[in-house]
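For reference, the structure is listed below as structure tokens.
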4 protein chains.
Amino acid sequence: MNKEERIIESAIDVFLEKGIEKSTVSEIVKKAEIAQGTFYLYFDSKLSVMPKIAEVMVVKMLNELSKNVSGETIEEEIKSVIDIIFTLTKEYKSLTTLIYAGLTQTQYVGDWEKIYAPLYHFIENLLIVRKENGETRETLNTTFTSKILFGSIESVAEQMYLYDDSSEEKANEYKEELLKFILHGI
Amino acid sequence: MNKEERIIESAIDVFLEKGIEKSTVSEIVKKAEIAQGTFYLYFDSKLSVMPKIAEVMVVKMLNELSKNVSGETIEEEIKSVIDIIFTLTKEYKSLTTLIYAGLTQTQYVGDWEKIYAPLYHFIENLLIVRKENGETRETLNTTFTSKILFGSIESVAEQMYLYDDSSEEKANEYKEELLKFILHGI
Amino acid sequence: MNKEERIIESAIDVFLEKGIEKSTVSEIVKKAEIAQGTFYLYFDSKLSVMPKIAEVMVVKMLNELSKNVSGETIEEEIKSVIDIIFTLTKEYKSLTTLIYAGLTQTQYVGDWEKIYAPLYHFIENLLIVRKENGETRETLNTTFTSKILFGSIESVAEQMYLYDDSSEEKANEYKEELLKFILHGI
Amino acid sequence: MNKEERIIESAIDVFLEKGIEKSTVSEIVKKAEIAQGTFYLYFDSKLSVMPKIAEVMVVKMLNELSKNVSGETIEEEIKSVIDIIFTLTKEYKSLTTLIYAGLTQTQYVGDWEKIYAPLYHFIENLLIVRKENGETRETLNTTFTSKILFGSIESVAEQMYLYDDSSEEKANEYKEELLKFILHGI
DNA sequence: CATGAATGAGAATTCATTCAT
DNA sequence: AATGAATGAATTCTCATTCAT
């Protein structure tokens, strides 16, 4: 692993453990086992590592999505999308929160959408294929809908895992409800 | 305005302008026109102002909700709820983001739900009245639904105002779509 | 002595001892027996103390000039001016060099003249009085001449003390030569 | 241009632009387009470039002096010396200041005279020739006088160009005055 | 209660210098 | 000879916090 990657991985660890405010460059370099000065060869400051962290996370999420989303019908496929996003949210909730917080602190809130774009695109491509296949209504705006779809699933998933520590059972009820809504919507 | 209120208002301004990380107690007291030491008579630290800020925001949001939500039928009422939440999101989006970021940094993420509780309650009370009136399905879980409802509206509204700078026209399309979904869901 | 004065005095000591480049704020505050942070309440940086040091030196030089310059005739008075400037140069040569170096480093070279202005004025006032008294030529431009006079005396004195470590005897030869020149010139 | 020359030229640029204190080896090598480590093959430190810079400047000044100083009589020759020193001062004033500052910082102030020695010698040689020719008084100490001469001209020239941004007209008045003084002195 | 000058621990940052390539 | 990434000691600078007034 090269120095830059070492810094990013270490920064993720430290940020997750201490929160952004309490994290220091000293600790990041210590964990990365590089010299203090080396950090500044790659990044300007603690917060400027954030976009790279976001990138890393989106790549991981995209990987899992493309590996796991599948289905014969649109219903099966959407069901699988919901499952994956619930799983991803569970796994990366802290990291997501972290990035979100990091971006809000640096006036890069606007970048949030840009960072998420590849994920929206993934969903949109699914929709485009299904639309060409006649499985959705003719009037469907795929760009528009990809965001609603992702946003609504994520918002419910977050509420489940981020704040609630809800049971698996409850999660399943939520998932079914969501599936109905989405299928009706498209 | 007493000193404590002056601090809170000033902290909101400074946090919004500089982000939490770059904000300092010095700047907050300067804007509040009080002495450095006075801050510590009221608060322990920069971040300990956060809950008070959240309180202030929720009170403002509740005020606007109870002042403006009304309607003869459930459809009219939900329409009005959607309108208000879109308006509130637009007005308080930065502040919401700020509080959210502040809480994530202090491991108080869990408090997010507690802070939002009064808003959920407001929605829940609407649903309870309408359910007793026979305007919803018998099986409706009002607690459960109040969160889904608030969450989904807010998630769309945020996407509109926080990341998109979307047009009013587009917002209206979104609102209609949301209204249909919610009416169907309850 | 207040904190600012303590910093200035200490800065003079440290700069003289170590040179500007090798001097550190840490050492200045240590010698001044104040806290590190206190320094930054009064000055922005190491070099920003320089103008204040210059002021201090000019005040000292003016004091000695006005205390010691005197004479019945213009010849006696100029002789006394030469003596004093030689003495001052000897005493403050390091400090002068220091300030000069400090100013060249901060693009404030132009301030050099401003700092010296009070000294030039002192000389000019002597000339004005003597001119009114008819002891100089009618066409003498006092402003102009005050600078030539000061400059030439100082230039010789510097060469004596700054680079030469010349003998007292040699210095006296120089002084006599200078006196002749100046009396002739005015 | 070989690496060492590249370093010297680059160092002059950087020192002039940023001042010695704020100049870094990194910037010097960057401007010289050589590697960081290469600097240390030729110089020990930032300040150790200073003597070489001084050498370069003195060579340039001597060149211009020997190219341009000429005259049938001693009056013409001194006039030409004054002109050249004024011109040189104008051209190299920043560089001179820089070297002077650099030397003061390294306790090599004493080297100043050594660096200037070739210039003093140039003047002294002129005086020796003229003295042998009977154009000066018999008692003239040429070594002694070469320094006074150079010093007084330079001191006035500096005051003109370094601090004053004076007009060409004023400069000419000064030059005439100086010429009279010098001719009388020798 | 209120003040604000002073503190000093600790974080950010720089930069001369090295050394494996 | 030349390179330039990496180093880490040294410094600057910040800022929460205190306390005498």
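Only this structure's heavy atoms are used, side chains among them; waters, hydrogens and symmetry mates stay out. Lettering follows sequence order; numbering is per chain, from 1.
- At least one side-chain heavy atom of B:Leu47 sits less than 4.5 Å from a side-chain heavy atom of B:Ile20.
- Between F:dT21 and E:dC1, the distance separating the two P atoms is 23 Å to the nearest Å.
- If you walk DNA chain F from 5' to 3' and mark each nucleotide with an atom closer than 4.0 Å to a heavy atom of chain B, the marks span F:dC15 to F:dT18.
- Of the possible polar contacts, one joining the B:Ser10 side chain to the B:Ile28 backbone as a donor-acceptor pair under 3.5 Å is found.
- As a whole-Å value, the separation of B:Lys22 NZ from E:dA12 P is 11 Å.
- Using a 4.0 Å heavy-atom distance criterion, D:Asp44 is classed as a sugar-phosphate-only contact.
- B:Lys18 places no side-chain N or O within donor-acceptor distance of the main-chain N or O of B:Thr24, the cut-off being under 3.5 Å.
- The residue among A:Val25 and D:Glu21 whose nearest nucleotide of DNA chain E is located toward the 5' end is A:Val25.
- Atom NZ of C:Lys31 is surrounded by more than 12 heavy atoms from other residues, nucleotides or ligands within 6.0 Å.
- Secondary structure note: stems in DNA chain E built from 3 or more consecutive Watson-Crick or G-U wobble pairs under 3.5 Å occupy E:2-21 with F:2-21.
- You'll find the side chain of B:Ile53 reaches within 4.5 Å of the side chain of B:Ile99, heavy atoms only.
- Each of B:Thr24 and A:Phe39 was assigned the nucleotide of DNA chain F with the nearest heavy atom; the assignment lying further toward the 5' end belongs to A:Phe39.
- Counting heavy atoms from C-beta on, the side chains of A:Glu55 and A:Val58 never come closer than 4.5 Å.
- Among the protein residues, C:Ser26 comes within range of the nucleic acid bases, having at least one heavy atom under 4.0 Å from a base atom.
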Given the rule in the side-chain contact (heavy atoms from CB on, under 4.5 Å) test, do C:Leu98 and C:Met50 qualify, once you have shown the distances and angles that lead to the verdict?
CA-CA 9 Å; C:Leu98 177 74; C:Met50 225 66 229; 3.7 Å; yes
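- Going from atom NZ of C:Lys30 over to atom C1' of E:dG8 covers 15 Å, rounded to whole Å.
- C:Lys46 places a side-chain N or O within donor-acceptor distance of the main-chain N or O of C:Ser23, the cut-off being under 3.5 Å.
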Each nucleotide N or O in nucleotides 2-4 of chain E that has a protein N or O under 3.5 Å away: list the pair and distance.
residue, atom, partner, partner atom, Å
E:dA2, OP2, B:Tyr42, OH, 2.6
E:dT3, OP2, B:Ala35, N, 3.2
E:dT3, OP2, B:Thr38, OG1, 2.6
E:dG4, N7, B:Gly37, N, 3.0

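- Looking at C:Glu91 and C:Lys60, no side-chain N of the basic residue comes within less than 4.0 Å of a carboxylate O on the acidic one, giving no salt bridge.
- Formation of a donor-acceptor pair under 3.5 Å by the B:Ser48 side chain with backbone atoms of B:Asp44 is found in this model.
- Side-chain contact between A:Tyr42 and A:Ile8: absent, with no pair of heavy atoms (C-beta onward) separated by less than 4.5 Å.
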